[in-house]
2 protein chains.
Amino acid sequence: MGSNERRERAKEETRRRILDAARELFASEGADAVTMRRIAERIEYTPTAIYVHFKDKLALLRELMTSDLQVFAAHFASVAAVEDPIERMCTMGHAYVDFALTHPNHYRLLFITTLPIPKTELTPAAGTGSPEEDAYTMLELVVGAALASGRLRPEHTDLPLLCQTVWSCMHGVASLAISMRCHAEFEWRPVSDITAMTLQCMVRGLVRDGDPYLSTLGAHP
Amino acid sequence: MGSNERRERAKEETRRRILDAARELFASEGADAVTMRRIAERIEYTPTAIYVHFKDKLALLRELMTSDLQVFAAHFASVAAVEDPIERMCTMGHAYVDFALTHPNHYRLLFITTLPIPKTELTPAAGTGSPEEDAYTMLELVVGAALASGRLRPEHTDLPLLCQTVWSCMHGVASLAISMRCHAEFEWRPVSDITAMTLQCMVRGLVRDGDPYLSTLGAHP
DNA sequence: CCGCTTAGTTAACGCCGTTAACCGAATTAA
DNA sequence: TTAATTCGGTTAACGGCGTTAACTAAGCGG
């Protein structure tokens with residue numbers, strides 16, 4: 001009988017509806033609004049019904065995270081098109097901060113909130129590895145290309161160190177902007193300015209003197 | 001009668017004990033452990049007793065924050081002693097990350113968790129302004145000295161932009177290190193290396209070519 | 001038709017922050 | 001000295017949270 005398959009599809013459907021409800025709640029009202037009871041209320045189920053599909057709230061959030069990581073990764077689709085490897089790196093930086101500010105709740109969940117994530121439970125069935133690794137892999141690809149171009153200073157050879165440094169700085173711009181949005185007592189410069197400034201400094205610190213990309217940054221009289 | 005004063009002192013004492021208990025709980029077990037009930041349990045009071053001294057949990061945390069900000073600011077005491085203004089900036093950066101990693105819970109509360117803080121309620125009686133502004137003022141002082149030294153590239157003139165860029169990068173190193181501590185799937189470089197790398201790049205992006213401080217970074221063959 | 005699996009419900013537990021009503025000791029005033 | 005008042009602290013309770021155990025009922029295979 002194919003009816004068993006239909007049952008399975010229905011279960012999958014319910015599971016998806018739970019995730020969608022959680023995502024909507026999360027995106028519109030923030031992390032505090034994501035409650036087992038409110039999720040259940042949205043899909044007109046009992047809170048305990050969720051436990052049929054997910055071990056607990058953490059498992060639910062973890063799965064939400066992995067699917068959001070794919071959205072995150074997709075945000076960098078256009079980056080690969082940039083020809084110049086140095087410029088590509090900067091474009092990626094801007095895209096990173098842009099994602100964080102347009103989806104602050106998602107960014108929080110992905111990179112600010114520390115969920116105790118037992119990675120071993122993440123299904124490695126996806127083949128290439130976890131999406132988080134994939135996003136990091138994209139970074140490694142872009143920074144690696146800059147490194148391979150031979151335009152970086154000779155003392156820069158440690159690719160992981162380079163990636164983590166760049167990531168840290170971009171994360172700093174993004175997360176500080178998100179965290180400190182309300183604090184009006186500082187005269188905050190536009191985030192795009194801080195992003196540009198950061199990338200400009202980083203690039204100058206990374207590439208050799210006289211690199212062609214530097215001349216596009218600011219014409220020094 | 002002085003007995004009234006004694007009563008007031010006793011109240012102040014209880015208030016202090018509440019804050020201390022909250023701080024200990026927070027430092028040793030993290031934010032989740034800071035519960036009105038657990039705080040009360042520590043000082044052998046009823047949870048509701050806390051409400052005699054603090055409007056609600058948020059007010060308590062806010063006050064905890066301001067006192068911790070003073071500890072934070074004190075962490076930079078030695079920075080002022082560094083002669084060279086560029087080196088001073090780097091020393092401050094290292095001290096910043098060092099504070100974040102040795103007091104991760106405090107750092108979280110201060111700069112990662114976004115508490116809805118109505119600053120208007122913060123007593124401006126301290127005179128100089130809020131401690132948070134003071135820490136920021138210290139940053140402005142240090143970066144301002146670098147700017148005033150005339151050793152920065154001529155295109156860098158916007159002090160707030162400079163401060164916020166430097167702060168963002170250091171916050172990025174610190175907070176990413178805190179958030180991602182558990183994720184062992186990346187081969188993380190030591191945080192001190194990332195800090196040094198970040199500062200090195202920032203400095204090279206900020207100061208003019210041929211600045212004496214650059215030669216102390218890495219001798220290029 | 002019968003027994004089994006299973007999506008979903010009911011009821012409850014122990015936590016949480018917070019409030020209203022109350023208590024009792026110390027201070028003040030008569 | 002005694003009555004009134006202040007106020008630090010307690011008791012009991014409310015509504016909300018994540019989660020569990022026990023149960024219901026529908027659909028499947030034999």
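A, B, ... follow the sequence lines: proteins, then strands. Residue 1 opens every chain.
Look at NZ on Lys57(B): it is 14 Å from P on dT19(C), rounded to the nearest Å. Between the CZ atom of Arg37(B) and the P atom of dG9(D) there is a distance of 18 Å, given to the nearest Å. Remark: P of dC17(D) and CE of Met36(B) are 19 Å apart, rounded to the nearest angstrom. Put simply, CG on Asp32(A) is 13 Å from C1' on dG16(D), counting in whole angstrom units. Counting to the nearest Å, the C1' atom of dT9(C) and the CD atom of Glu41(A) are 17 Å from each other. Per the geometry, CZ belonging to Arg15(B) stands 12 Å off P belonging to dG9(D), to the nearest Å. Atom NZ of Lys55(A) and atom C1' of dG18(D) are 12 Å apart (whole Å). Atom CD in Glu44(A) sits about 11 Å away from atom P in dT9(C), given to the nearest Å.
Checked for salt-bridge contact, Arg17(A) and Asp20(A) miss the test: no charged N lies under 4.0 Å from a carboxylate O.
For the OP1/OP2 pair of dA12(D) and a distance below 4.0 Å, the side-chain nitrogens and oxygens of Thr48(B) include no atom meeting the criterion.
Of the possible polar contacts, none joining the Gln164(B) side chain to the Pro190(A) backbone as a donor-acceptor pair under 3.5 Å is found. At least one donor-acceptor pair closer than 3.5 Å links the side chain of Arg88(B) to the backbone N or O of Val82(B).
In this structure, the ring of Tyr107(B) has its center no less than 6.0 angstrom from the ring center of His103(B).
Looking at heavy-atom distances under 4.0 Å, Thr35(A) makes contact with sugar-phosphate atoms alone, never a base. In this structure, Tyr45(A) reaches the sugar-phosphate backbone alone: every heavy-atom distance under 4.0 Å involves primed, P, OP1 or OP2 atoms, never a base.
If you find the closest nucleotide of DNA chain D to Lys11(B) and to Thr46(B), the one lying nearer the 5' end belongs to Lys11(B).
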